[in-house]
Amino acid sequence: MTGIAAIFSPDPVSSDQLGRMVEGLSPRRHDATAMLVKGSLGLAACVLHTTTESREAAQPLANENGGLAIAFDGFLANWEELRSDLLSRGAILRNRSDAELVLRAYETWGEACVGHCDGEFAFVIADWRRQRLFGARDHLGLKPLFHYRDGDRLLLASDIAAIITALDRKPEPNFGFLASLMAGELYNAEQTAWQDLESLAHAHWLSCDGARFVTRRYYELPTEVPIRYRTDAEYAERHRWELFDAVRRSSRSCAPLAIEVSGGLDSSAIFAAVDHLHRQGELLAPDFSGYTLVGEEGTPSYEVPYARAVADHIARRVEEVPIFHPPCDWYVEQSRTDQELPPPSNGAMSFELERCASENGARVLVTGLGGDEWLGGSRSYFRDFAARRDGAGFMRALREDVAVHGWQNTLPLAARGGVSGLLPSTLRRGIRALLNRDKTSAPVAPAWLKPHLRDQVAELAAHYRESLPDNPDLRERRLRFAYPWSLYSRATMLRQPASNGLELRFPFLSRQFVEFSAATPEYARMRRGINKYTHRLAMRGFLPDIVIERDTKAAFDFDDTNRMMCSYITGVGAQVLDDLVNHDCFVRQFGERVETTVDASLTWQIYGTYAAACFLEHAH
């Protein structure tokens, strides 16, 4: 996990200017820090070596003549293919690092280099030949990259604190973004809590040469569904191969891997895949260990029996770490240090697990996040069968669903899906507009927000809904791939592991696995009332039956935390949030929740409001 920073300025960049940015990167644990400054461009990196290959190249890494240099964060999943491709084109590779591969890719293809890179990454290249900065993020924005234009200067960094530290004066808070967050209705993942300080969108690159600042999308999720097999066994075999290969590519580390093992189907599958790869000599790390959170016994957060069953099945120990319940001051301090919103409670609870893994020598933590989006399915397969005029498939699914859900719960769904699949897109678009007519004008924000902010959130919600594809299947895929709240939360949850010296990796969110899942029909993921159907088949034998057949998920009780947050909101928060809320209504609403059980559906509103208050307390 490497913290990166860069400056473009019409005047010569000084080491002091870039050094201030490095100060903002310093809370990350790192092995080395270096800067490269020349003329109008400056580049810096705080490097934590997570792979053996990364130790072969000091960052920032320049080419032979010093005309180019790169600061690279993350890892490449396709390093084998990219290396082979570059060598076939005559590129000379001085070392095996991913930074070297991307630098040579830029020399070879220019801006198009990003389309040849697959993995979890963000990078910035200083191009002194053209006097410009070029930066990019991966397909899902799994590694962050922020930018801010300060007059004629452009500041780029992997951490917001690096940009804020370098400015003579802080930007104004972004009240529109904070209002969306407080409403639990986030529709723009590029905005941040600071005005004009933005996150580069996922699957985009940017370029700045002083005269022009340009951003471009370089990747779209394929929309076709070309993978259709005749048997369940064929789906399961392909699924298993894709998953194990995605895990293998995510396992490259110079130290033992840490695997988050909740005991759920997703993270347990990652743990089992790592074990299989290790036994076959294909794991790209020297060893691995599992870690699980221990909730209160007798509650839905207590998953230890499942995690132990997985450990026993593969004859590996899983270290059990208590859930971390930090006090209010901890969140406030995190926000102040990061110059950002504090982490949400469901991220903070893993703090001690991450610290334990790091103290045991790990530098990479592999997680099952993304499994719910890309392993699970829905009963929209009726629409797919109708659209393809597959009557036999439609009737088979109908019989299976009736056996599980009954006629009353199946026929309406099958009828809607069948009609929707047969209708032309123009008619579907008209029906959708009619159904959404009232929804788009209805306020979606809570009454205690100031009226102009409620209207702004409602307008953003309506605009976002209108931007979604008319085709229901494409719309569902778009939401899985790039739902703004998910994009935002994935990026923010990286800061905490980084402070503990860990790089977080997501095999289920790899481009390889996401594309595979998107290319398979819904019927392969949901069948006979069983969600993650093919995944369960694929993991037979690799996981114990108690996990394969599990149909529950952990539920974490944040009621005490929510009450703590509400107490803070009605105290300190009521003072710093005056620009956003109707004071009396606001205090009354949150005050009622301090002494009562909090409705779990309000958790994100409570977190968003608490986070905004924490942020505004130090922002001015």
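Everything numeric in this text was worked out from a predicted model, so none of it was measured. No hydrogens, no waters, no symmetry mates; every other heavy atom, side chains included, goes into these values. Along the sequence shown, residues are numbered consecutively beginning with 1.
Crowding of Asn346 atom CG: a count of heavy atoms from other residues, nucleotides or ligands under 6.0 Å exceeding 12. Around NE2 of His463, the count of heavy atoms belonging to other residues, nucleotides or ligands within 6.0 Å does not exceed 12.
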Q: Report the C-alpha distance between Leu577 and Trp448 in whole Å, list the side-chain angles of each, state the deciding distance to 0.1 Å, and finish with yes or no for side chain to side chain contact (heavy atoms under 4.5 Å, CB included).
A: CA-CA 11 Å; Leu577 291 169; Trp448 40 259; over 6 Å; no
Q: Using the side chain to side chain contact (heavy atoms under 4.5 Å, CB included) rule, take Val102 and Phe121 through it: C-alpha gap first, then chi angles, then the decisive distance, then the call.
A: CA-CA 10 Å; Val102 177; Phe121 61 79; over 6 Å; no
Q. Can you check side chain to side chain contact (heavy atoms under 4.5 Å, CB included) on Glu120 and Phe75, steps first, answer last?
A. CA-CA 6 Å; Glu120 301 175 22; Phe75 77 101; 3.5 Å; yes
Q | Derivation of the side chain to side chain contact (heavy atoms under 4.5 Å, CB included) call for Met182 and Leu453 | A | CA-CA 11 Å; Met182 292 165 69; Leu453 292 172; over 6 Å; no
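Heavy-atom minimum distance, Arg29 versus Ser358: NH1-OG, 2.7 Å. The shortest heavy-atom contact between Pro446 and Arg454 is O-CD, 3.0 Å. Scanning both residues, Leu186 and Pro484, for their nearest heavy atoms gives O-CB, 3.5 Å. Considering every non-hydrogen atom in both Cys117 and Leu76, the closest pair reads CB-CD2, 4.0 Å. Closest heavy-atom contact between Gly368 and Asp266: O-CB, 3.9 Å. Smallest separation of non-hydrogen atoms from Tyr568 and Cys614: OH-CA, 3.9 Å.
A distance of 11.0 Å separates CZ in Phe146 from CD in Glu198, rounded to the nearest 0.5 Å. Distance CG/Asp159 to CG/Leu145: 10.5 Å, rounded to 0.5 Å. Atom CG of residue Leu460 and atom OG of residue Ser180 lie 5.0 Å apart, to the nearest 0.5 angstrom. Distance check: Leu155 CG to Tyr148 OH gives 8.5 Å after rounding to the nearest 0.5 Å. The CG atom of Leu18 lies 11.0 Å from the CG atom of Leu41; values are rounded to the nearest 0.5 Å. A distance of 12.5 Å separates CG in Asn562 from OH in Tyr607, rounded to the nearest 0.5 Å.
Side-chain contact between Leu140 and Phe506 is absent, with no heavy-atom pair separated by less than 4.5 Å. Looking at Asp196 and Arg149, their side chains never come closer than 4.5 Å, going by heavy atoms from C-beta outward. Inter-residue side-chain proximity for Tyr306 and Ser262 is flagged as unmet; no heavy-atom pair is nearer than 4.5 Å. Side-chain contact between Asp98 and Thr51 is absent, with no heavy-atom pair separated by less than 4.5 Å. The shortest side-chain heavy-atom distance between Leu293 and Ser350 falls under the 4.5 Å cut-off. The shortest side-chain heavy-atom distance between Asp338 and Ile160 does not fall under the 4.5 Å cut-off. Taking the side chain as every heavy atom from C-beta outward, Leu580 and Leu616 approach each other to under 4.5 Å. Counting only heavy atoms from C-beta outward, the side chains of Glu617 and Gln575 never approach each other to under 4.5 Å.
Remark: the backbone N or O of Gln605 is paired with a side-chain donor or acceptor of Thr609 at under 3.5 angstrom. In this structure a side-chain-to-backbone donor-acceptor pair under 3.5 Å is present from Asn174 to Thr192. The closest donor-acceptor contact from the side chain of Thr292 to the backbone of Val304 lies at 3.5 Å or more, if one exists at all. Using modelled atom types, one side-chain atom of Asp31 and one backbone atom of His49 make a donor-acceptor pair closer than 3.5 Å. With Arg217 contributing its side chain and Tyr219 its backbone, the two residues share a donor-acceptor pair below 3.5 Å. Between the Ser510 side chain and the Pro507 main chain, a donor and an acceptor come within less than 3.5 Å of each other. With hydrogens and angles disregarded, a donor-acceptor distance shorter than 3.5 Å links the side chain of Arg137 to the backbone of Leu200. Checking side-chain atoms of Thr50 against main-chain N and O of Val364 turns up no donor-acceptor pair under 3.5 Å. Judged by distance alone, with hydrogens and angles left aside, the side-chain atoms of Gln496 form a donor-acceptor pair with the main-chain N or O of Gly347 at under 3.5 Å. Although no hydrogens or angles enter the test, the distance criterion places no donor-acceptor pair under 3.5 Å between the side chain of Arg153 and the main chain of Ser9.
In this structure, Asp168 pairs ionically with Arg20, as a charged nitrogen and a carboxylate oxygen lie closer than 4.0 Å. Using a cutoff of 4.0 Å between basic side-chain nitrogens and carboxylate oxygens, Asp73 and Lys143 are not scored as salt-bridged.
Using the six-membered ring where Trp is involved, Tyr464 and Tyr187 have ring planes that are tilted, between 30° and 60° apart. Taking the six-membered ring where the residue is Trp, Trp330 and Phe351 present perpendicular rings, their angle passing 60° and hence far from 30°.
Under the 3.5 Å distance criterion, with hydrogens and angles disregarded, no donor-acceptor pair is assigned to the side chains of Glu260 and Ser267. Counting only N and O atoms by type, the side chains of Arg216 and Ser207 include no donor and acceptor under 3.5 Å apart. In this structure, a donor-acceptor pair under 3.5 Å is absent between the side chains of Ser253 and Arg505.
You'll find the ring centres of Phe177 and Tyr488 inside the 6.0 Å limit. For an aromatic pair to be called close, the ring centres must be under 6.0 Å apart, and Trp205 with Phe123 fails this.
Shown are Ser335, Ser345, Cys328, Ser567; of these, the side-chain contact (heavy atoms from CB on, under 4.5 Å) with Tyr610 is made only by Cys328.
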